[in-house]
Number of protein chains: 2
Amino acid sequence: MALRHAVLAALLDGEYSGYQLAKAFDIGVANFWHALPQQLYMELARLEKDGLVAGRQVIQETRPNKRLFHVTDAGRAELERFAADVAKPSFIRDDLLVKVQAADRIGTGPVIEQLEERASAAEAKIELLGSLLRQFRGDMDEEEYLRTGERVGPYLTCLRGLSFEEGHRDWCLRIANVLRERRTTRAER
Amino acid sequence: MALRHAVLAALLDGEYSGYQLAKAFDIGVANFWHALPQQLYMELARLEKDGLVAGRQVIQETRPNKRLFHVTDAGRAELERFAADVAKPSFIRDDLLVKVQAADRIGTGPVIEQLEERASAAEAKIELLGSLLRQFRGDMDEEEYLRTGERVGPYLTCLRGLSFEEGHRDWCLRIANVLRERRTTRAER
DNA sequence: AGAGTCATGTAAGCTGTTACATGATTCG
DNA sequence: CGAATCATGTAACAGCTTACATGACTCT
């Protein structure tokens, strides 16, 4: 059970509905965990049953009703326990890298295109994370915020996301160039 | 079915047994896909049944017998098809980042320790990848190898792995320092 | 003598994805 | 008027992890 702790950690800063959580898992939380909305609804139900989160119904008139969840003391204790035991190594799974591994044994055209699309997507995410980080730290500069800010957890994970996306973008562009040049060279032979 | 293509891509460069593949999935292939040996044995059986790989028995005297697999023409065609259709976005799942997200709401001691262990592990992987890359390119320098080398796919994915590990190491060390300084500051209050 | 490597699998259980299901409101 | 947003779930299926099972050889 691993999604469980990601949900608890994401829910530490206030009340969220399943729907809002799903959006968080698409932006900031995506830097350390990926999950689909269906999974979140199921996990929230399980967490509530186990007493690690509690929800309250909010009746809305112009919108469907929703349930807002927060972490209970038992939930915080569970996170504490989780933080202390050994972490599994992180792992990557990426279709595009599989394609690159095969790149010079198959047609490179579509792979080059996808590398460039990925680079654009990474660029967009970089900008998104940049503004998220600016929002977090307000008027402070980064060093000051990291020393004195109230809540730095989400800031730190976004920093990792930012560096990941930058590395990803640079690699995609470089590899796209390498493959394109190799294609030209071959065509000339 | 996603592991399937990772196995095909890893198997492009010759014959491997399940056991050898498992080791590859622990080093170079780990840069784009993670899988346990059990999964590989199962996947190889399925791939063989579907005619995408073929295996031949090798009888050994001082070692248990083994089966060496290679990609068939049908397998190569399947990879080609795979490379052309849209790639799912890559995603990360990392326990340690979950802990960092929660960091200033729980005890940071164990998290700092784990960050430093991770940094060492990343460092070890960086060295491993460095020597792998040197082995690949022989006497050539990187640019020359990327322009003229016979088979650059595995080199390119290792480059991504290298940059990922470097980013990971740097982040771990920086975050460990940030959390440690915040702890000291709090203790002084 | 004990640990590690070589070598291959099965089975149970847990996790994650895809497809299905519904329906009002708001924005362009 | 169509698309996106808000809002929550169920069910079937596919994929992954953990535990079990075996056994010889080599290195320290």
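Letters A, B, ... mirror the listed sequences (proteins, then strands); counts begin at 1. Here the structure is a predicted model, which means the values were calculated and not measured.
With distances taken from any side-chain atom of Trp33(A) to the nucleotides dT8(C), dT17(D), dG16(C), the minimum falls on dG16(C). In this structure, of dC16(D), dA7(D), dC6(C), it is dC16(D) that holds the atom nearest to the side chain of Gln39(B). Side-chain proximity of Arg63(A) to dT5(C), dT17(D), dT26(C): nearest is dT26(C).
One finds a side-chain N or O of Tyr41(A) lying less than 4.0 angstrom from the OP1 or OP2 phosphate oxygen of dT8(D). Using a 4.0 Å cut-off, no side-chain N or O of Tyr19(B) falls inside it from OP1 or OP2 of dT8(C).
The distance from atom CD of Gln60(B) to atom C1' of dT8(C) is 13 Å, rounded to the nearest whole Å. Rounded to whole Å, atom C1' of dG9(C) lies 14 Å from atom CD of Glu48(B). One can place CG of Leu40(A) at 11 Å from P of dG16(C), the figure rounded to the nearest angstrom. One can place CE of Met42(A) at 8 Å from C1' of dG16(C), the figure rounded to the nearest angstrom. Note: CE (Met1(A)) to P (dT17(D)) measures 16 Å, nearest angstrom. Rounded to whole Å, the distance from CG on Leu36(B) to P on dA19(D) is 12 Å. Rounding to whole angstrom units, NZ of residue Lys88(A) and C1' of dT17(D) are separated by 8 Å. Arg67(B) places its CZ atom 12 Å from the C1' atom of dG9(C), with the value rounded to the nearest Å.
Here Gln38(B) lies in heavy-atom contact (under 4.0 Å) with a base. Within 4.0 Å of Arg4(A), counting heavy atoms only, lies no atom of the nucleic acid at all.
With DNA chain D read from its 5' end, the first of the two nearest nucleotides for Pro64(B) and Pro37(A) is the one closest to Pro37(A). Summary of the strand contacts: Arg46(A) and Lys23(B) both lie near DNA chain C, and taking for each the nucleotide with the nearest heavy atom, the more 5' one is attributed to Lys23(B).
Contact check on Glu150(A) versus Arg182(B) returns no salt bridge, with no Lys/Arg side-chain nitrogen under 4.0 Å from an Asp/Glu carboxylate oxygen. Ion pairing between a basic and an acidic side chain is recognised when a charged N comes within 4.0 Å of a carboxylate O; Glu78(B) and Arg81(B) show such pairing. Checked for salt-bridge contact, Asp94(B) and Arg118(B) meet the test: a charged N lies under 4.0 Å from a carboxylate O. Classification of Asp95(A) and Lys88(B) as a salt-bridged pair fails, no side-chain N sitting under 4.0 Å from a carboxylate O.
Between Phe136(B) and Tyr145(B), a ring centre-to-centre spacing not shorter than 6.0 Å is recorded.
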